[in-house]
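First up is the structure itself, then whatever we jot down about it.
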Protein chains: 2
Amino acid sequence: MKLAANSASTSNVLRRKKGEALILRTAEEVFADRGFQGATVTEIAKRAGLPKANVHYYFASKENLYKQVIDDVFEAWLKAAEQFEDFDNPRKALTAYISAKMDLSRERPNGSKVWANEIIHGAPTIHHYLSTRLQEWLISREVWINRWMERGQMRPVNPRYLMYMIWACTQHYADFDTQITALNQDKALSDDEFEVAKQTMVDIILTGVLRE
Amino acid sequence: MKLAANSASTSNVLRRKKGEALILRTAEEVFADRGFQGATVTEIAKRAGLPKANVHYYFASKENLYKQVIDDVFEAWLKAAEQFEDFDNPRKALTAYISAKMDLSRERPNGSKVWANEIIHGAPTIHHYLSTRLQEWLISREVWINRWMERGQMRPVNPRYLMYMIWACTQHYADFDTQITALNQDKALSDDEFEVAKQTMVDIILTGVLRE
DNA sequence: GTCTATAACCGGATAGAC
DNA sequence: GTCTATCCGGTTATAGAC
């Protein structure tokens with residue numbers, strides 16, 4: 001009896017986790033497509049194939065659901081940022097970082113869009129991330145960029161504005177994919193085209209900042 | 001009598017133009033802050049110091065008002081793009097273009113934000129601009145970039161992805177100003193800091209693409 | 001032309017049956 | 001835990017007085 005109860009309980013936990021994950025993924029998509037205000041709980045539920053009340057059952061409110069989506073997105077961003085780690089070799093570090101950010105834009109464009117949307121509208125729900133964890137990450141990388149310049153491995157450029165360039169360029173391929181597709185005869189970039197875009201970016205930035 | 005009538009009529013036309021311009025500018029601000037769905041006609045009217053019904057009197061619907069804001073923004077974008085015109089000298093042309101786009105981001109960040117918001121959410125109202133006027137502009141500039149490369153003035157880089165880099169980097173300073181401010185101890189970039197950002201971008205891109 | 005008052009609608013949230 | 005039916009607040013748009 002006890003075992004059966006445990007088993008049933010475990011099964012419910014799993015079902016719950018699965019339902020929550022489905023709603024989270026769907027919500028990220030809808031928030032990306034429509035923005036926070038434009039997204040409706042009805043549409044999230046419909047795309048997830050659930051009645052609206054279930055969404056409220058799992059995630060109390062639309063705002064709470066949105067916050068969890070934002071948290072997910074930020075963690076993924078930080079994970080890609082870990083690629084900035086071959087600290088002896090700026091060429092390797094920058095190439096790996098730009099590539100990882102481009103891959104994230106390719107694989108999870110909706111996350112990038114949710115983030116962009118949030119920032120554009122004044123970052124009401126994630127301002128604390130910006131001035132704490134994001135700032136810490138940025139400062140630690142500036143230290144390394146400055147070191148590379150002292151060693152003569154890089155030309156003197158402002159490290160912070162270099163990072164902004166990398167963020168802007170890589171995220172552009174997610175956030176502005178509609179525009180990029182429209183300018184490509186309404187065909188989304190193929191894997192090969194995307195690879196060329198990535199290499200062009202790496203090429204221009206490395207040539208622009210490395211000393212050799 | 002006729003003269004007086006004309007005079008009164010002219011005055012009304014002026015008053016009307018003035019009211020419309022005020023509403024347009026205010027609407028651009030509110031749409032930038034809140035997105036299309038997040039913006040309310042009530043808030044636009046309040047910020048403009050008018051009763052809500054006046055907004056509907058001048059601009060039939062919220063959607064129509066939004067379309068006119070988008071049109072305005074696109075024209076300003078094209079005007080900055082005219083700076084890409086010193087066709088014999090890639091250094092001059094690229095420097096002038098990047099500077100003009102940066103100045104536009106600085107002076108009219110809300111326009112850039114409205115545009116970004118529109119693209120992120122699938123460009124429902126401006127898709128036609130993208131595949132017509134924007135594409136024409138882009139192709140004509142690619143022709144010139146290719147010519148510079150044939151002449152040996154530039155290293156071989158994909159012209160289109162170079163343009164995307166310039167768009168992404170320059171517009172980032174408008175669209176992500178909240179993030180940039182948060183990372184700057186919650187202080188907006190000063191004119192001097194902004195100038196450094198601009199010079200860093202020009203420096204990296206020119207060094208990255210020019211041959212000499 | 002200007003503004004107040006209101007109609008018509010829609011979306012978030014919840015009560016309560018199953 | 002799941003879902004239907006409903007409430008309530010807020011938004012667009014307009015009718016109609018001035």
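Here is how names work: the chains are called A, B, and so on, in the same order as the sequence lines, proteins then strands, and each is numbered from 1. These numbers come from a predicted model, not from an experiment.
Annotation: cation-pi pair B:R141/B:W144 absent, no NZ/CZ under 6.0 Å from the ring centroid and within 45° of its normal. The cationic group of A:K62 lies under 6.0 Å from the six-membered ring centre of A:F36 and within 45° of the ring axis, placing it in a cation-pi geometry.
The CD1 atom of A:I44 sits 12 Å away from the P atom of C:dG11 (whole-angstrom rounding).
Between the side chains of A:W77 and A:Q171, a donor-acceptor pair is found at a separation under 3.5 Å.
Rounded to 10 degrees, the angle separating the terminal axes of the helix from C:dG1-D:dC18 to C:dC18-D:dG1 is 10°, with each axis obtained from five end pairs.
Remark: the backbone N or O of A:I126 is paired with a side-chain donor or acceptor of A:E118 at under 3.5 angstrom.
Remark: of the listed residues B:I180, B:L189, B:I204, B:L189 is the sole one forming a side chain to side chain contact (heavy atoms under 4.5 Å, CB included) with A:Y161.
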Along nucleotides 2-18 of chain D, 5' to 3', which nucleotides get a B, which get an S, and which get a -, given that the test is a protein heavy-atom distance under 4.0 Å?
BBB------SBBB----

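A salt bridge does not link A:K113 with A:D33: every distance from a Lys NZ or Arg NE/NH1/NH2 to an Asp or Glu carboxylate oxygen is 4.0 Å or more. The pair B:E136-B:R133 does not meet the salt-bridge criterion, since no charged nitrogen lies less than 4.0 angstrom from a carboxylate oxygen. In this structure, A:E43 pairs ionically with A:R47, as a charged nitrogen and a carboxylate oxygen lie closer than 4.0 Å.
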